[in-house]
Every structure is written in C-alpha cells, then in structure tokens.
Visitor: 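What follows is a single structure, and I will ask about it in a moment.
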Amino acid sequence: MIFADMLLQILAEQKNSQNLTEQKTWQNFAKQKFMLWLEKSEKVSFHIFLFWLHNKNMKKEKTQKKIKNTKESAQTDKVEKTEEIAKNSKNAKKIEKNAKKTQKKCDFSEKPEKKEKKKSGFLWFLGVAGLSVALLVVCQFFLESYVSGNQRFYENTKINGIDVGGMSVAEAENVVLTDMLESRKDIEIQLTAKDKTWTLSGSDFEVANKLRPQIREISKIGHKGNFFQNLFEEKKVKQEGKNFELSYTNVLADFGEKVEEIAMQVEQESRPASLVFQPTGEEAFVVDKGQNTILVNRDLLLSEIDNALKTSKKVKIEIPIIEIEQQIDVEDLKNSIVKRSEFSTSYATSSAARKNNVRKAIESFNGLVVEPGQTISFNETTGARTEENGYKNAHIIVGGVYVDGVGGGVCQASTTLYNALLLADVEILSVNHHSLPASYVPLSFDAMVSGSYSDLVFKNTLENPIFIRTYANDSEIRVEIYGERFEDGVEIKRRAELVKILPHNGDKILGDFKGEFSNKILYKGEYYRVKYPREGYESKGFLQYYKNGKLVEEKEIRHDFYQPQDGIVMEGVEVAAEGMTIPPSDVTIIKPQKVTKSSEENVRKKLEKTSPSEFNP
C-alpha cells in the first residue's frame with residue numbers, strides 16, 4: 001500500500017513536468033521517494049518479522065503446554081490402569097514393563113513432529129524474504145525503466161525523416177523543431193470552395209511550438225509493455241526502423257483562428273424562397289429560390305490540412321461543406337401574390353408637353369413597394385413639378401379657367417393611381433376633386449394634386465406589402481396594384497351618382513380696360529368670348545363589394561360639389577367715332593341656366609359611361 005501511494009505520487013509529478021529542468025528536479029524527487037520507500041519497507045519488513053517470530057513462539061508454547069498436559073493425563077490414566085491390573089493379575093510386572101515401553105514410544109514420536117514444524121516455519125520465512133527481494137528488484141527496474149524519465153528513443157527511430165535514435169525527448173524536440181522552422185517559409189495552404197480560393201503561407205503565421213506532447217507520446221512506444229514486450233519492440237525498431245510524421249501545423253500559431261476566418265466567409269445562412277418584383281419585366285414577378293444553408297465541416301477541414309502537412313509543405317484542400325437545401329412549392333409561392341387591381345386612362349388627344357408630364361409623374365411610382373402600415377404621398381414621390389425636374393408647360397385649371405403652367409396634366413396621373421388604389425381596397429387618407437369635372441373619369445373619382453395645397457395620400461393597411469407597376473405609351477397610362485389575394489369570389493367596383501345639377505348664371509360681360517384683348521376687340525359693341533358658362537354638379541362616389549357576383553356591400557367614399565362656372569365675354573371700351581358702323585358680333589350672350597329633369601337625366605346617362613368625354617372641359 002505504501003509503495004502504491006508513493007508510485008502514484010511520482011507518476012503524477014512526472015505528468016506535470018514540462019521541460020528538461022523540471023524533469024531533472026522530478027528525477028531527484030523520484031530518487032528521494034524511492035529511498036524513503038526502501039526505508040519504510042525495511043521497517044515494515046522488520047515489524048512483520050517480529051510479529052511472525054512472536055506469533056511462532058506463542059504457538060510453540062501453546063503446543064508444548066498442550067503436549068505436556070496430554071502426556072501427563074495419558075501417563076496418569078495408564079499408571080492407574082496398570083496398578084489396577086497388577087493387583088488382579090499375575091502378570092503385573094510384565095504389564096508394567098509394557099507400559100514403560102509405550103511411554104518411551106510416545107516420547108520418541110514427539111521429536112519428528114517438532115522437527116517438521118521447525119522446518120515448515122523456516123521455509124515460510126525464506127518465501128516471504130524471497131518475495132520481498134523480488135518485489136524490490138521489480139520495483140527498482142520499474143522505476144529505472146518507466147519512472148526515471150530518462151528513456152531514450154530506440155535506434156533507427158525517425159521523426160519526419162530525422163533520425164532521433166538514442167535522443168531524449170528534449171533533444172529530439174529541438175532537432176525536429178529547428179528543421180520545421182527552417183521550412184516554415186515554404187509552407188503554402190490553398191483552400192477552395194466553389195469558385196473562390198484562399199491561400200495561406202507560412203509567413204502569415206506567428207511561430208509556435210506544439211511538438212512536445214506528440215514527441216513525448218512517441219517516446220513511450222516500446223516502453224509501455226512488460227520487460228519482454230519492450231525487448232521485442234526494441235529489437236523490431238532496430239531491425240525494421242520506424243518513422244513518425246508530425247504536421248507543420250505544430251509550428252503555426254493561431255492556425256485554427258485563420259481557418260475559422262475563411263470558414264466564416266464560406267458559410268452562408270439560408271434565405272427563404274421569394275417572389276422578386278420586376279416592374280419593367282414581361283412578368284411582374286419571378287421566383288427567387290432563395291439560398292440554401294451552407295456550413296463548413298471544421299473538424300474535417302482541420303484534420304485534412306493537418307494530415308496533408310505531415311507529408312508536404314504545399315497542399316490544396318477542397319473545403320468540406322454541408323449544404324442544407326430548402327423545400328419550396330413554386331406554384332404556391334406564385335399564387336401568394338396576385339394582381340389586386342388595374343386602371344387605365346387615355347391621353348391620346350393631349351399635347352406632347354402634357355403627355356410628357358403625365359408619363360413622368362406616373363413613372364415615379366413604377367416599382368414602388370409599400371410596406372404594411374406605410375403612408376405614401378403623391379407630391380413627395382413625384383417631387384417638385386419644375387422644368388429642372390423635366391416637367392413642361394401645359395394647360396392647367398386655375399379658378400375654373402385653363403391657363404398654361406409647368407406640370408399641366410399631372411392630375412391625370414394622380415387620378416389614374418387613385419382609381420387603381422380604390423379597386424385594390426387600399427385606404428385613402430387624402431384626396432380632392434378638381435374645380436371642373438375631369439374628362440377621363442366619372443364624377444367623384446378624380447384626384448387633383450397641387451404642390452402647394454392639394455395631395456393624394458394613401459396607406460397600406462394590409463398585412464403584406466403592396467407592389468405598384470405602371471405603364472405609359474403614346475395613348476394611355478395604366479397602373480397595376482399587386483398584393484395578397486382577396487377572399488375567394490370578392491370583387492370591387494365603383495359607382496358615381498349625380499345628386500343634382502348646379503345651374504350656371506350665364507355670361508358675364510367685362511370691359512377690356514387693360515387692353516389684354518385689343519387685337520380682338522377695341523370698340524364698345526365688339527365682343528370676345530373668354531369662356532363658356534358651365535353647369536356644376538353635386539355628386540357622390542361609392543365602392544361596391546361583390547361576393548361571387550352578388551353585391552354584398554356598398555359604401556360612400558366621396559360627396560363632392562363641382563361649382564358652376566359663369567361665362568366670360570370681353571367687350572371693347574372705346575366709343576366709335578360718329579358715323580362709324582360697328583359690325584354685328586358673332587358672340588351670342590348666354591343667359592342663366594334653367595335646370596330641367598330631362599337635362600339631369602342626360603347627365604346621369606353620361607355618368608354611366610366609363611370615360612364620359614362630354615365632360616371634357
């Protein structure tokens with residue numbers, strides 16, 4: 001037990017020694033421990049011997065006492081019987097003589113038994129002593145061969161082709177390390193993954209020394225078995241030789257960190273499949289199959305590099321990756337986004353300048369993605385309508401009169417977008433009607449915009465984004481709204497309603513005192529029409545919700561008043577000279593309007609048309 005504890009303590013100290021100095025200190029410690037064990041073993045052996053001797057003497061005394069008692073008892077019994085027989089027999093003397101002979105025989109038989117026991121005790125003592133000596137010899141051999149730390153490599157042992165036979169662990173480490181460091185500049189590691197390549201050279205790493213644990217393990221080969229096994233292994237190594245390959249990674253510091261940096265560039269997180277919005281493509285959406293998860297098998301990569309650098313300084317390794325593919329249903333994905341609505345208006349008869357303005361404004365919305373909860377302003381999206389931004393002069397309505405202005409026609413773009421949004425069931429936050437009815441939509445479905453005071457504002461209240469796609473050619477513009485599907489069978493329609501006609505007051509005759517129309521009129525009685533009077537309208541706009549062709553809901557969204565407009569006729573202000581005749585004017589003065597039921601009915605019929613051109617001012 002004392003030897004086992006001492007041996008475990010010595011082995012523990014040997015395992016923790018890291019350099020030559022520590023090994024020498026440890027060897028001195030082992031010798032001290034061994035001498036201490038011998039001293040304790042001698043004391044223990046002496047005490048065992050005393051205990052054995054004392055125990056033997058005690059047994060001897062007990063045996064002698066028992067024999068004596070037995071002898072006395074036997075003699076007493078025999079004498080009593082002999083005396084009794086002698087009295088009753090004539091052969092008393094003969095019997096007495098036989099009794100004495102019997103006593104002599106008993107005394108004689110005691111002597112071999114004593115000799116046998118003495119011989120057996122002596123042999124037992126010799127066995128214990130021999131076993132102790134054998135144990136001491138074995139322990140001394142074990143300590144010398146396995147615990148001393150001085151074992152050397154067998155002859156013909158090589159590491160990376162370098163003969164280290166007869167060397168200690170420290171000596172072999174120094175030789176191998178020197179050779180590896182001299183070759184470090186020639187190290188080149190090329191890692192590839194798909195179409196990318198990374199190259200690491202030996203100079204990219206700081207110097208490291210991770211050789212000792214491996215060289216120490218190699219040194220234990222041929223020293224792990226029993227005496228005969230080690231002897232056989234030594235003979236085999238000397239005859240056949242043995243070469244051990246150590247990787248150059250043992251002299252490269254931060255090797256794992258640099259490989260990790262490359263692995264991070266190779267790896268990619270998964271990206272779910274999705275639909276890609278193509279506002280200018282033939283199809284509005286195409287399927288993006290997403291991105292599979294790519295992981296690097298780091299353990300395998302490090303192992304492959306380590307093994308490759310055992311036999312070569314220049315290696316090429318294909319980075320082992322694990323790709324996890326996504327499972328997608330392309331058709332389900334395509335059906336997740338649908339065209340919710342589309343709306344178009346014509347501007348075929350407009351001037352080139354007006355077409356330019358309409359086209360430019362509507363193209364500002366092409367490709368716009370409106371996220372859930374996001375609010376969009378028409379004016380902010382199109383920007384200022386200026387010549388610097390590409391807008392041109394065209395007719396605009398000011399106070400019920402058409403005049404030239406930069407950006408004329410933009411309201412047709414806002415109106416077309418507004419109607420598409422309504423049909424897609426997108427919430428409208430702000431919209432205003434024109435002072436005059438528009439020619440391209442029914443009453444209460446126009447959307448007038450002005451950078452200073454009127455805007456079209458809407459908000460996506462759906463759970464998913466909406467996508468806006470616009471077109472413009474030489475005759476019309478069109479807006480398409482894409483997003484999540486309506487409930488099955490749901491359809492939205494518009495309905496305009498005329499409440500009543502607002503009659504105009506006829507013509508208003510004004511004198512041309514500023515001479516603005518002097519090239520047309522000069523004298524009183526000469527007339528020039530600036531504009532015709534126009535009747536006004538009170539109207540309402542409704543959205544109708546159909547389910548499988550049946551109207552299930554109708555809600556009012558607009559109630560507008562398009563005010564009537566007076567006609568304006570200019571008259572000259574100069575008085576004609578005496579005798580001068582002013583020719584009759586071809587301008588007919590229009591009187592205030594009288595509204596009849598038939599006239600209102602005619603307007604209602606016009607409203608039934610998709611684009612009532614009669615309302616074109």
Side-chain angles (χ1 to χ4, degrees), residues 347 349-357 385-387 391-412 432-440 443 446 448 450-454 500-538 560-596 598-600 602-603 606 612-617:
Y347 63 172
T349 59
S350 296
S351 66
R354 187 177 185 277
K355 288 181 178 179
N356 171 80
N357 297 338
R385 269 83 77 180
T386 62
E387 291 182 350
Y391 290 93
K392 298 180 180 181
N393 276 320
H395 283 323
I396 61 174
I397 301 173
V398 178
V401 179
Y402 279 95
V403 297
D404 283 344
V406 177
V410 168
C411 290
Q412 182 166 352
N432 297 290
H433 63 83
H434 292 83
S435 57
L436 299 176
S439 64
Y440 35 82
L443 294 173
D446 57 337
M448 185 266 291
S450 173
S452 58
Y453 61 89
S454 183
K500 65 180 179 179
I501 294 176
L502 305 177
H504 62 72
N505 293 321
D507 287 332
K508 184 182 290 186
I509 301 174
L510 303 174
D512 185 22
F513 293 102
K514 294 181 179 181
E516 294 179 79
F517 304 95
S518 59
N519 61 334
K520 303 289 185 181
I521 56 174
L522 186 60
Y523 301 102
K524 287 185 177 182
E526 292 181 328
Y527 299 98
Y528 176 75
R529 181 174 291 282
V530 175
K531 74 169 187 174
Y532 284 91
R534 293 184 180 277
E535 63 188 13
Y537 307 99
E538 180 185 352
D560 300 316
F561 293 86
Y562 297 87
Q563 297 299 328
Q565 303 293 319
D566 294 336
I568 297 176
V569 175
M570 302 302 294
E571 181 182 12
V573 295
E574 293 186 14
V575 179
E578 187 176 348
M580 184 177 179
T581 302
I582 303 298
S585 175
D586 58 355
V587 175
T588 301
I589 304 302
I590 300 174
K591 296 179 179 181
Q593 180 183 13
K594 291 183 179 180
V595 178
T596 64
S598 61
S599 61
E600 285 188 346
N602 289 334
V603 174
K606 292 177 183 179
S613 58
E614 292 86 349
F615 288 172
N616 189 339

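Values below: every heavy atom of this structure, side chains too, minus hydrogens, waters and symmetry copies. Residue numbers run from 1 in the order of the sequence given.
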Visitor: When rounded to the nearest 0.5 angstrom, what is the spacing between OG in S450 and CZ in R385?
Guide: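 Spacing of OG (S450) from CZ (R385) equals 7.0 Å.
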Visitor: Closest approach of S454 and M448, non-hydrogen atoms and distance?
Guide: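 Taking S454 first and M448 second, the nearest heavy atoms are OG-O, 2.7 Å.
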Visitor: To the nearest 0.5 Å, how far apart are CZ in F517 and CG in D512?
Guide: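 Between F517 CZ and D512 CG, I get 6.5 Å after rounding to 0.5 Å.
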Visitor: Who pairs with K355 by salt bridge (Lys or Arg N to Asp or Glu O under 4.0 Å), at least two apart in sequence or on another chain?
Guide: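 Applying salt bridge (Lys or Arg N to Asp or Glu O under 4.0 Å) to K355 gives D474.
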Visitor: Tell me if a side-chain donor or acceptor on E526 pairs with a main-chain N or O of Y523 at a distance below 3.5 Å.
Guide: yes
Visitor: For Y391 and T386, run side-chain contact (heavy atoms from CB on, under 4.5 Å): C-alpha distance rounded to whole Å, both residues' side-chain angles, the deciding distance at 0.1 Å, then the answer.
Guide: CA-CA 5 Å; Y391 290 93; T386 62; 5.6 Å; no
Visitor: With Y347, which residues qualify under ring pair (Phe, Tyr, Trp, His ring centres under 6.0 Å), at least two apart?
Guide: none
Visitor: The criterion is salt bridge (Lys or Arg N to Asp or Glu O under 4.0 Å); which residues satisfy it with D560, sequence neighbours excluded?
Guide: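 Partners of D560 by the salt bridge (Lys or Arg N to Asp or Glu O under 4.0 Å) criterion, ordered by chain and then number, come out as R558.
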Visitor: Looking at residues at least two apart in the chain, or sitting in another chain, which of them share a salt bridge (Lys or Arg N to Asp or Glu O under 4.0 Å) with R354?
Guide: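 Partners of R354 by the salt bridge (Lys or Arg N to Asp or Glu O under 4.0 Å) criterion come out as none, since no residue qualifies.
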Visitor: Anything under 3.5 Å between a donor and an acceptor, one on a side chain of residues 583-595, the other on a protein residue two or more places apart or in another chain? List them.
Guide:
| unit_1 | atom_1 | unit_2 | atom_2 | d |
| --- | --- | --- | --- | --- |
| S585 | OG | V587 | N | 3.1 |
| Q593 | OE1 | H504 | N | 3.1 |
| Q593 | NE2 | E535 | OE1 | 2.6 |

Visitor: Is any side-chain heavy atom of I501 closer than 4.5 Å to one of Y537?
Guide: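 Result yes, sub-4.5 Å side-chain heavy-atom pair found.
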Visitor: Under a 3.5 Å threshold, yes or no: a donor from one side chain and an acceptor from the other, between Y562 and D446?
Guide: yes
Visitor: Where the side chain of D566 meets the backbone of K508, is there a donor-acceptor pair that is under 3.5 Å apart?
Guide: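 Flag not set: sc D566 to bb K508 has no pair under 3.5 Å.
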Visitor: Could you tell me which residues satisfy salt bridge (Lys or Arg N to Asp or Glu O under 4.0 Å) with E516, sequence neighbours excluded, listed by chain and number?
Guide: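 E516: no salt bridge (Lys or Arg N to Asp or Glu O under 4.0 Å) contacts found.
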Visitor: When you measure from the side chain of N357 to the backbone N and O of G408, does any donor-acceptor pair fall under 3.5 Å?
Guide: yes
Visitor: Could you walk me through whether N393 and E387 satisfy the side-chain contact (heavy atoms from CB on, under 4.5 Å) test, starting with their C-alpha distance in whole Å, then the side-chain angles of each, then the deciding distance to 0.1 Å, before giving a yes or no?
Guide: CA-CA 8 Å; N393 276 320; E387 291 182 350; 4.2 Å; yes
Visitor: Hey, mind stepping through D507 and R529 against side-chain contact (heavy atoms from CB on, under 4.5 Å) and telling me if it holds?
Guide: CA-CA 9 Å; D507 287 332; R529 181 174 291 282; 2.6 Å; yes
Visitor: Quick one: CD1 on I521 to CD on E574, what's the gap to the nearest 0.5 Å?
Guide: 10.5 Å
